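Keep in mind that the numbers below use all heavy atoms, side chains included, and drop hydrogens, waters and symmetry copies. Every value quoted in this text rests on a predicted model; they were computed, and no experiment measured them.
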Amino acid sequence: MKFRFAAALFSASPATVMGAPVVQPVAGMFQMFAGLVAVLAMLIAAAWLLKRFSLQQKIPGGAIKIIAGAAVGQRERVVLIEIGETWLVLGVAPGQVNALHTMRKVDIEPAEMPVSDKGFPSWLKQVLDKRNVRS
């Protein structure tokens with residue numbers, strides 16, 4: 001009985017085996033690959049459309065700039081932000097933002113900016129000291 005089934009299986013035409021159509025492995029792989037490419041193309045197109053036509057409010061002229069930032073904890077940061085002619089020192093933590101200090105914009109050279117996060121606290125202290133001396 002086993003041998004008759006195997007003989008029928010190998011002697012049957014490639015189009016059908018026992019009345020059921022046989023899917024060729026190469027054709028199945030191509031169909032799967034084409035479907036994957038189509039899904040990825042749709043995802044990329046949807047992301048592009050969302051970015052292109054997003055309803056986000058845009059700040060005219062880039063009025064807010066992040067000057068520097070430093071991590072002070074696992075999820076907490078101190079950030080220096082420029083808004084017009086004012087600098088704000090903000091404490092940022094999950095779920096809240098606190099204004100720590102407000103000062104006039106200080107004109108500095110790019111070389112004076114800290115290279116790493118370790119230099120930011122000392123740089124900020126130096127700028128605040130200069131500001132206090134002028135006042």
side-chain contact (heavy atoms from CB on, under 4.5 Å) evaluation trace for Gln96 with Asn98: CA-CA 7 Å; Gln96 69 185 79; Asn98 296 321; 3.0 Å; yes
Closest heavy-atom pair and its distance - Gln74, Glu76: N-OE1, 3.5 Å
For Gly69 against Arg77, the heavy-atom pair lying closest together: C-NH2, 3.5 Å
Nearest-0.5 Å distance that lies between atom OG1 in Thr86 and atom CD1 in Ile81: 12.0 Å
Full working for side-chain contact (heavy atoms from CB on, under 4.5 Å) between Thr102 and Trp87: CA-CA 6 Å; Thr102 303; Trp87 279 4; over 6 Å; no
Other ILVMFWY residues reachable from Met29 by side-chain steps of under 4.5 Å: Met32
From Ile44 atom CD1 to Leu49 atom CG, the distance as rounded to the nearest 0.5 Å: 12.0 Å
Residues forming a side chain to side chain contact (heavy atoms under 4.5 Å, CB included) with Val92, sequence neighbours excluded: Val79, Leu90, Val97
CD1 (Ile66) with more than 12 external heavy atoms under 6.0 Å: no
Reported CD1-to-NZ distance for the pair Ile67 and Lys65, which is rounded to 0.5 angstrom: 6.5 Å
Within residues 80-93 or reaching into it, pairs that qualify as salt bridge (Lys or Arg N to Asp or Glu O under 4.0 Å) - sequence neighbours excluded: Glu82-Lys105
Which atom of Met103 lies closest to which atom of Val89, heavy atoms considered: CE-CG2, 4.5 Å
